[in-house]
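When a ligand or atom number is given, it counts from 1 through the structure's own listing order.
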Amino acid sequence: MKDEGVIIIGAGGHGTVVASILLASNIKVLGYYDDDIEKQGKTFLEIPVLGKISDLVSDSKVKAIIGIGNNKRRKEIAQKFDFDWVNAIHPFSWISPDVNLGKGTIVCAGAIIQAGSTLGDHVVINTKASVDHDCIVGNYSHVAVAHLAGGVSVGEGVFVALNSTVLPLTNVGDWSIVGAGSVVTKDVLPNKTVVGIPARPI
Ligand SMILES: CC(=O)SCCNC(=O)CCNC(=O)[C@H](O)C(C)(C)COP(=O)(O)OP(=O)(O)OC[C@H]1O[C@@H](n2cnc3c(N)ncnc32)[C@H](O)[C@@H]1OP(=O)(O)O
């Protein structure tokens, strides 16, 4: 499969979004791998499901990307397989030229990543999200349709949910969740779920 296209691990809603980004970038998609028995033999965006994730065997020459929204599951898969992890960057997004992007990272349509920011591996910056200047986004984190202000630091595996905002210079600890519609005004400890305005732990 070397140089012949990319496989997508996950054929759910997020997997098809990743497929559409690759297609919009003129990158060939070979097919999906998904453990859902119902999806075997089906096509999504005219791209076939080639087999189960459990059928996959590591091959550092195979180009792959994980199209699964769940942060813990993305980490498990990334750690299990040795593939050539590629990024999916929608052509209708803006990434400042000095941004450092990890591998396996997805930047969806309408997303903006501003100067001085650093993103880890297997990060998802979802539709119309913004990561402003000098932010750090850790491995396996997911910024949904949400906004990180300047100088925000987000740890590993953080989920910043729909329509939420993280105010300047605040930190969100590893594996924490910022609930939909929340405003983070001060640092969030690791492994917490915070909601509301101002965001408070639940
Ligand atoms: C492209 C895409 O689709 S990307 C997908 C993005 N997905 C999202 O943005 C979903 C985000 N999810 C949420 O916001 C969830 O509500 C979570 C993760 C914060 C909490 O979920 P759970 O842990 O299941 O909490 P649960 O639903 O039991 O709610 C617990 C309490 O918090 C409240 N609560 C939950 N979420 C919120 C929220 N976002 N804002 C305010 N209050 C909230 C509930 O009303 C409930 O209060 P109660 O005990 O007084 O009734």
J.: Salt-bridged, Asp35 to Lys52, with N to O below 4.0 Å?
T.: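 No.
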J.: Would you check if the side chain of Ser141 reaches a backbone N or O of Gly157 as a donor-acceptor pair within less than 3.5 Å?
T.: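 Looks like yes, one N/O pair under 3.5 Å.
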J.: Treating Asn171 as the side-chain partner and Val152 as the backbone partner, does any N or O pair qualify as donor plus acceptor under 3.5 Å?
T.: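 No, the answer is negative, given that no donor and acceptor are paired below the 3.5 Å cut-off.
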J.: Verify, without hydrogens or angle tests, whether Ser96 (side chain) and Gln114 (backbone) share a donor-acceptor contact under 3.5 angstrom.
T.: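 It does not hold such a pair.
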J.: Is there a donor-acceptor pair under 3.5 Å between the side chain of Thr193 and the backbone N or O of Ile202?
T.: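 No, because the side chain of Thr193 does not come within donor-acceptor range (under 3.5 Å) of the backbone of Ile202.
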J.: Decide whether Asn139 and His122 meet the rule of one side-chain donor and one side-chain acceptor closer than 3.5 Å.
T.: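 Judged by distance alone, the side chains do not pair up.
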J.: Around ligand 1, what residues show up once you keep those with a heavy atom under 4.0 Å from it?
T.: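 Residues Asn126, Phe159, Ala161, Leu162, Ile177, Gly179, Ala180, Thr193, Val195, Ile202 each place a heavy atom under 4.0 Å from ligand 1, listed by chain and number.
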